[in-house]
Amino acid sequence: FGLLLSENLEAGGLIQYSSSYYERNTITPLITEWKSNNISIGFYLQRYFKITDNFLFSIVGDINFGSGKTTDKTTNTITNEVTENETKRNSIRLNARPNFIFFPSNNWAIRASIGNIGYNYSKNRTDDENVNIFNINYGTIGLGVSYYFRQESK
């Protein structure tokens, strides 16, 4: 959720939750299961640039603070031996991305983003390992729909 601070600047907060599950059964007698759960909160700042009355370009920057847990489990179907590892981690993520925004009506907008630049620092609470990742993604495409609450102008 965000709030317009001026005609072309928006600030807001983020709450995100993600969960993943993957199971792989290969030709070997091993079955691998992978589970991940993450939650994060953050803040964002978005600067708008008007191209036409219905079409805008924006740059969005955000910072997220997250916590998560990943569990991987391997089962040998012949010996019934189970190996399980659990990793808990905290992370800080910084991202910036361009957005193209089209308003087909006064309150509804269709958004498209192409690529992003980001930095991710995470620390595993399980084994005290630190990970630093800087990335530039130019092939990532995001699509979305937004609703804007607007006051009637007098």
Side-chain angles (χ1 to χ4, degrees), residues 1-24 31-74 83-154:
F1 291 95
L3 180 65
L4 285 170
L5 303 176
S6 69
E7 186 176 303
N8 56 9
L9 187 63
E10 177 184 350
L14 306 164
I15 298 174
Q16 299 173 331
Y17 174 77
S18 66
S19 179
S20 301
Y21 176 80
Y22 173 77
E23 182 177 323
R24 187 172 117 189
I31 298 173
T32 303
E33 290 179 69
W34 182 81
K35 297 178 202 174
S36 176
N37 293 301
N38 298 292
I39 188 163
S40 66
I41 60 170
F43 305 97
Y44 73 90
L45 199 58
Q46 183 166 207
R47 172 86 158 99
Y48 293 95
F49 303 92
K50 187 174 181 179
I51 298 171
T52 68
D53 286 341
N54 292 350
F55 193 66
L56 299 154
F57 174 76
S58 74
I59 301 289
V60 181
D62 63 65
I63 183 168
N64 292 289
F65 305 94
S67 182
K69 179 172 82 169
T70 302
T71 305
D72 61 84
K73 177 177 159 184
T74 304
T83 305
E84 192 166 346
N85 294 312
E86 182 178 273
T87 304
K88 295 179 181 178
R89 76 192 152 288
N90 294 328
S91 64
I92 298 172
R93 279 177 265 156
L94 301 167
N95 291 299
R97 70 184 175 283
N99 270 334
F100 297 96
I101 306 162
F102 173 68
F103 283 91
S105 71
N106 194 37
N107 297 88
W108 289 98
I110 299 169
R111 300 174 163 267
S113 64
I114 301 171
N116 73 336
I117 296 173
Y119 171 75
N120 186 10
Y121 168 80
S122 64
K123 180 173 182 151
N124 289 343
R125 296 189 313 254
T126 310
D127 58 10
D128 217 26
E129 177 185 348
N130 297 331
V131 177
N132 291 288
I133 299 171
F134 176 77
N135 61 32
I136 298 174
N137 296 318
Y138 55 86
T140 304
I141 296 173
L143 297 173
V145 176
S146 298
Y147 184 82
Y148 288 80
F149 296 97
R150 297 183 189 235
Q151 291 180 340
E152 295 293 325
S153 52
K154 295 179 181 179

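All figures in this text were calculated on a predicted structure; none of them were measured in a lab.
- Exactly one residue among T74, T71, D72 makes a side-chain contact (heavy atoms from CB on, under 4.5 Å) with E84. That residue is T71.
- N85 and T83 share no side-chain donor-acceptor pair at under 3.5 Å.
- We find the CD1-OH distance between I63 and Y44 to be 15.5 Å, quoted to the nearest 0.5 Å.
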Derivation and outcome, side chain to side chain donor-acceptor pair (under 3.5 Å), residues N106 and Y148: CA-CA 8 Å; N106 194 37; Y148 288 80; over 6 Å; no
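- Scored by the side chain to side chain donor-acceptor pair (under 3.5 Å) test, E33 finds Y21 as partners (sequence neighbours excluded).
- Between R93 and D62, none of the side-chain N atoms (NZ, or NE/NH1/NH2) sits under 4.0 Å from a carboxylate O, so this pair counts as no salt bridge.
- Y147 OH to S105 OG: the interatomic distance, rounded to the nearest 0.5 Å, is 8.0 Å.
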Would you tabulate the side-chain donor-acceptor contacts of residues 13-20 under 3.5 Å, counting partners in other chains and residues two or more places apart, or write 'none'?
from : atom 1 : to  : atom 2 : distance (Å)
Q16  : OE1    : S40 : OG     : 3.3
Y17  : OH     : N37 : OD1    : 3.0
S19  : OG     : N37 : OD1    : 2.9

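- No donor-acceptor pair closer than 3.5 Å links the side chain of N99 to the backbone N or O of S58.
- G115 and R97 make their closest contact through O-CB, 3.4 Å (heavy atoms, listed as atom of the first residue, atom of the second, distance).
- The distance from atom CZ of F134 to atom CG of L94, rounded to the nearest 0.5 Å, is 10.5 Å.
- Distance OG/S113 to CD1/I141: 8.5 Å, rounded to 0.5 Å.
- Scanning all heavy atoms of the two residues, the minimum distance from I114 to P98 falls at O-CG, 3.4 Å.
- The closest side-chain heavy-atom distance from N8 to F49 is not below 4.5 Å.
- The number of heavy-atom neighbours closer than 6.0 Å to CZ of F43, taken from other residues, nucleotides and ligands shown, is 12 or below.
- The heavy-atom pair separating W108 from F103 by the smallest distance is O-CD2, 3.4 Å.
- Considering all non-hydrogen atoms of both residues, R89 and S36 come closest at NH2-OG, 3.8 Å.
- How far CG of L9 is from CG of L3: 10.0 Å, rounded to the nearest 0.5 Å.
- G42 approaches N64 most closely through the heavy-atom pair CA-OD1, 3.9 Å.
- To the nearest 0.5 angstrom, N124 atom CG is 12.0 Å from K88 atom NZ.
- Counting non-hydrogen atoms of other residues, nucleotides and ligands closer than 6.0 Å to CD of E23 gives a total above 12.
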Residue pair I92, Y119: steps toward the side chain to side chain contact (heavy atoms under 4.5 Å, CB included) verdict: CA-CA 8 Å; I92 298 172; Y119 171 75; over 6 Å; no
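- Among all heavy-atom pairs drawn from G2 and E10, the shortest one is CA-OE2, 3.6 Å.
- Here K50 pairs with D53 under the side chain to side chain donor-acceptor pair (under 3.5 Å) rule; sequence neighbours left out.
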